[in-house]
Structure formats: C-alpha cells, structure tokens
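Proteins come first, then strands; the chains are lettered A, B, ... in the order of their sequence lines, and each starts at number 1.
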Amino acid sequence: MIEVKNLSKTFPGGVQALDNVSLSIPDGDFIAVIGLSGAGKSTFLRCLNRLFDPSAGQIIVEGVDVASLRGRALQRYRRTVGFIFQQFNLVTRLRVIDNVLSGRLGYHSTWRGLLGLYTEKDIELAQAYIRNVGLSDKELARVDSLSGGQQQRVAIARAMTQEPQLILADEPMASLDPRLSDVILGLLKEYNEEKGVTVLVNIHVLELARRYAKRILAFNNGRLVFDGPVEALSDKLEHEIYAGSLETL
Amino acid sequence: MLWFYIALGLLSALLSGLANGSMRRFVVAGSLALSLIFVAFPFSEALGFLSRETISPTLFGVLPTFPILILIPLASVLGLVGAHLGRRMSGLAGVLGGSLALIVGFSWLARSPYLAQVRPLNGLMEAVSSLSFVAVIILLVWGRPKLRLPLSAAAIVIGGLVFWWLNSPVGYRYFPNAQGYYKVFINAPQGSEERLVEAYNQGLDELNRQRARIGLTQLEPISSITGLEGQKIPRAAAEEGFRLINPASRKYGTGIFFLLAGLMLGAGLMQLWRPNLEDSNDLISGGLFTAVILVLTPAFSATDFSITRLVEGWPFFLDFLDRAWPPLLSQPEFSRFPLQEVASQMLITLEIALVGTFLAAIFAIPMSFFASRNLTQGNAFMRTVFGLTRGFFNIDRGIDTLILALIFVAAVGLGPLAGVMAMAIHSIADLGKVYSESIENVDQGPIEALEAVGASGSNVVRWAILPQVMPLFVGWTLYRFEINFRVSIVLGLVGAGGIGFFIQEKMASGQYNQMIIAIIAIIIVVNIIDFASSWLRGRLV
C-alpha cells in the first residue's frame, strides 16, 4: 500500500513539474500513467523511488514516509523498488549476468559489493530472471552486443532480481520498435500477476494503456487530472488530457 | 628591401581583393597598426659612445626633432574615419593615409644623421606594465558576470599598487631598466655641436698620448660630430645625454611600417575600384589582424629570425652530415661498440618511459576520482579534497618533466632514477587531469540505475563508472607512454639516463659518426611505438 499525499516538485529553474498530487495505490495493482511529455509523469515516477527529492508532500510506503529518507535508509528503500528506464541504463561494457546481478547490490555490504562477491542465491535469482525474460543463451554476452529489445529485457531482469515490492517503468518501450511493446508489457504484466508486485508504467500510447492496465493516472501540467479504472476514461476526458496542454504550448 | 615590404603589402591587398576579401578591414588594420608602430616600435638607431648607450627610439620618440612625423597618427585617424564612412570614402582614406605614411616614412629615412638630446619619459614603462597587469586580470574575470565588477575594481587597485611599487626606489632595485625606459629626443641646443667638437679636439692630445702608450693608432681632430670613426660620438657628449640619430638605420618597426602602409594603400586602391569589398565586422577583424602583426613582429625580432643566417649556415650543416656519414657501428680494435651501446641505451630509455608512466598511472587513477567534479560535490569535505587535488594537478602540470629531472639529478644523482621520478611526478598530473575528465563525461544512465537499485556510492563508482572509464584510462595511459618515450630521449641531455646522454656525450666530443646511429635509432623506434600504440588504442574503443 502506497499513499501519496500532496506531492509537489519544483525544479531549481522554477518549473513546477508536480502540483499537489494525492492518491493511493493498493498492493498488486497494474497502473498506466498517461499524459503528454512534460506533463509530470516521469517526475512522478522518479519521486516515488526518490531519484528526485520531492519539494513538498509525503509518500507513505508500508507506514513509513519515504519522502524524507536519507543515506543508508534511502538505499534500503530503493532496493525494494525496481526502476526500468527508457534508455535501459545498462553498463554496456559488462556482461548480461553482471548487469543483472548489480540489482542485488543494495542487499550487501559495501565491501562485498566492491569485490563483486555475490551469494549463490543472488546468482540463482539472476539466472532465473534472465531465463524468465528469454535470454538464457546470452547470459555471458556483453550487453553492447545485444539488440535494443534484448537490452531492455536485461534491464527488466535486473529490476526483477531486486525482488522488489514495486516496479516503476518510465516509458520502457519509447526507444524500441513498436512491435516490441507487447513483449515488454507482457513481461511486466506476467510478473505483476505471478508475484503480486505493484507495477506503474508510463505510457504515451493510450491504446496500450487501455489494453494492459486496470487503472489509469493522467497528468496534465503537473496536476493529476484523472485517476480511475480504464472504463471510466471517456473519449471526452481523453481529448482533454491530450489537447488541454496544446493551448499552453 | 623597403620596396620589397611595400610590394608585399600591395600584393597582399591585391590578391585578397581579387578573392573578394574585405578591403576595408585592411584600411582599419593599417590605420590601427600605423599609430601603434608610431608609438611602440623601434624605428631607427641613436648612437652614443659605448654600444650599450645605443637607443632605438620610436617615431614618437623623435617627433620633437622632426615634427612632420605628426602626419602619421593623422593618417591613421583619417583611415579610421574613412573606414567608418564606408565604401568609396574608405578607399579614398586608405589611398590618402597609405601614401601619406609612405611619404612621411621616406622623408624620415632620407634625413641625414643629426645630434639630439635624450629625455627619458619617467613612469611610462611603469604605467604600461601595470596597465597590462590590470588588463590580464580583467580578461580572466570577464567570464564571470557576477564577479566582473568587484574583481575589475580590485584589478585597478592592484594595478595602482604595482604602478606605485615600480615607481618607488624598491621597484627600481628589482627592475632598474624600467626607469625612464621610453626615451624622447629633443633638438640639441644651438651651438652644442661646435662646443662638443671643440672639447673633443682639445682633449685629443691627452687621448693620443694614452693611445700611443698601449700601441694604438693616433686620432685626427674632427670638424663635425659625425666625423668620428666607428659610428660613435665622443664620450663626453654621450655622457651629457647627446645621441647621434641615424634615421637611415632600420629597426624592426621600419619594415612592418612600410608593409602596412603598402597594404593600406593597396586596399584603398582596390576599394576605390570595387567599393563593395567590405564586411560588417571589419573593425573586429581589422583589430585582430593588427593584434597578430603587432605580437608577431617583435617576437620575430627577439628570436633573431633570419633566413640569411639559415642560408649562411647551410654549408656547416652539410659538413656535419659529411662527418656523420658513414656511421661508425663498431671498432673492435679499440673496443668501441657504438651500435651495441645505442641498443642498450635505447632499452633504458624505453624502460624509463615504462616505469615512469606505470608509476604515474598507479597514483593518478585513485586521485582522479577525487578530482572529478561529478563525484565530489556531495559535502564540504569532498569539495575541499576536490579543490586540493585539482590544485595539485595544476601546479604539477606547470612543472615540466625536464625541470623536475634537473632537480632530481641534483637530489639523487645522475642516472635513470632521476628520470623515472621526474617523469612519474609530472605524468601524475597530466594523466589525472584526463582521467578525471573521462570520469566527468561518463554516461549518467548507469549511475542513475545503480542508485535506483540502492547501491552505495562506492559501489556505483565500481559498477557504473569504472567499467565505462577503464578502456579510456588505458587509452590515455598508452598515449601518455608515447609522449613519455619521446620525453625520456631528451631526459638524457640533463643527465637523467638513457640515449640522450649518449647523444650529448658524442656531440660534445665531436664523434658525429657515432651520434648519427642514435638519431636513426630514435626515428625508427619512435615510429614503431607511435604506430603500435595508436593501433592498440584503436582496438580499445
């Protein structure tokens, strides 16, 4: 259960990316976040795992306000949140297995991590999720030898290897061939259903959001303008979400 | 030779104009440069009795004795005003200004030698020095708009202090030449020439007695002040502040003056013919052109650059080659084995470079992380460490390997150890700087990703940054090794071991036919190493 209360984020330049956002996310939900680029979707996700520091408001996860965590406590929180980036953010010179194993770094002491001393369990987990995303044969390949779609699957395996309670995916298909969208979203959906892990996906293709998500959050100009089940998203609302910002362009 | 300079100026204008280059900028450049040459460049010689009493006055310096020279700054103003009015006016101004400068220049050169009295302008050199001080500081702080005003004000205060210090007795103790450096000449008072000639002739008997004692020829009485042999004036006259100005003698200001006057004239003519040869930024490009010429001319003069001397030296070069060839590879009857010696010294040179570069890399890698802006902005302590490391790099980079080698030779004695130490210490800074720049330019994505999985700071460095920068580090280290190998050749010259020592020894004893072996070996090995290293670096990326 995640509860977001009055979350705001203003960047140093004065741009207000999030404006007083409040909502609650029950465990096991699959949520699509929609809106135009610049609407605050990405900022919202990055505030949830604290890659960005919120300017105001609370994010209460399992009764703890994570908005103000620092240092070691923040690292402990982050290891429970898997994040999937639009640009994959893998270390392309390392092998697939090294990248996936780095998902376990949050669970070990600094010196173990420095030396790369992963446990048997870590390696089993990593191998299992690499198999899960269908890349068993590429386990020892260098990431820069893989295609874009394969790289994003490595990034997904890395997030899953964290054994998170929440997965945040920031436009995971945006840099890929549109035909791969179903593969990526399928993997996330499957994981969500099997493990009961909450998944939030930023999507700009509305049709995909309707197909996969149970619930939709829509942002416009940093404000949450829609929060409800897919069925409730009428054509009129949809038009407002996408056209509303055109006036401000 | 003067006609050559004028022709060069005219030709440059012609060619540039035919290529549709702006002519107005040359009018601007000529105008600016002529006035600067007028006040700042030595033009002729003024002789005293001793050679160190010789003064090279500027045109401004002789202005009181030859007032017509005032037309040169006027020609300059004319050129600038014309260029401002544009098109045909600019062309006209170029023609008028250029010809005026040429006429005045020639009439100065045509004047016969005459006596004048020197008057130092006190404080001028001191003012120029302190103003350049102020200008440098202001240029340095100009990039920071917030600090611009306070720091510029501070620079002016500092400049004032420097001026005061240079003018004080303490300043003259350190910079005695600065006092009255700029000298102006005024006409010698009526009758002083006759008085000096008479005084000289009166003292001649005593002088000739002394000369006879040490076996020198007797001197004749003179009838004019220029009659003295060896282009000098009597000692007494020189001591009274008289100098013999010889307008026809040329200094480096003369040639460039006629070149720019020719350029201005040529540009003016071209623009009269094709008035549209101008551009909107002529003032700036003309100013830059002037700046380059004004910086280069004294530099060429100060370095004694002379094609004539190169041509004169050519036979000596051929003589050197003649003595060097054929190389003396081995002479067992005298147990001399130069080829073998070159081989072993070359190996030592290579080993100095290897060890020096390796040691430098070992220290530079950890230090470079502390010198990376993106890793050290977390807290005040890290920012201090960053500043200290960067500061160390900057100071260290300023001390060349060769200088360090001299110091280490004094400390640990002759031999490769001094070379290795010098190379290692200097290379730490060079490598550290490029390493830290590599770290600052890494892809931020993986760093963000590892922060997102909850990895600690040092783990992010280990798993997100290190894999990205390691190949770059290796590449930079190889590149540094290439440079260091070439440096280690020279290190021997200061006694820090290796093949340079061999070269110096053979050069000093005139055994050119042994030295040539080392030179050929260096050419071959340098090329092999450069080729191998760049091939390897190409494979890394």
Take atom [atom1] of [X] as the centre, draw a 6.0 Å sphere, and report whether it contains more than 12 heavy atoms from other residues, nucleotides or ligands.
X	atom1	value
B:F133	CZ	no
A:F11	CZ	yes
B:F363	CZ	no
B:L140	CG	yes

Residues 445-454 of chain B vs chain A, non-hydrogen distance cutoff under 4.5 Å, contacting residues -> B:G445, B:P446, B:E448, B:A449, B:L450, B:E451, B:A452, B:V453, B:G454
The interface call for A:R50 against chain B, heavy-atom contacts under 4.5 Å, is neither
Honestly, the part of A:R46 sitting under 4.5 Å from a heavy atom of chain B is side chain
Residue set satisfying side chain to side chain contact (heavy atoms under 4.5 Å, CB included) with B:V385, at least two apart, ordered chain then number -> B:F370, B:F381, B:T389
Those residues of residues 66-91 of chain A that come under 4.5 Å of chain B on a heavy-atom basis, listed by number, are A:Q75, A:R78, A:R79, A:V81, A:F83, A:F85, A:N89, A:L90, A:V91
Against chain B, residues from residues 113-121 of chain A with at least one heavy atom under 4.5 Å, in numeric order, are A:G113, A:L114, A:G116, A:Y118
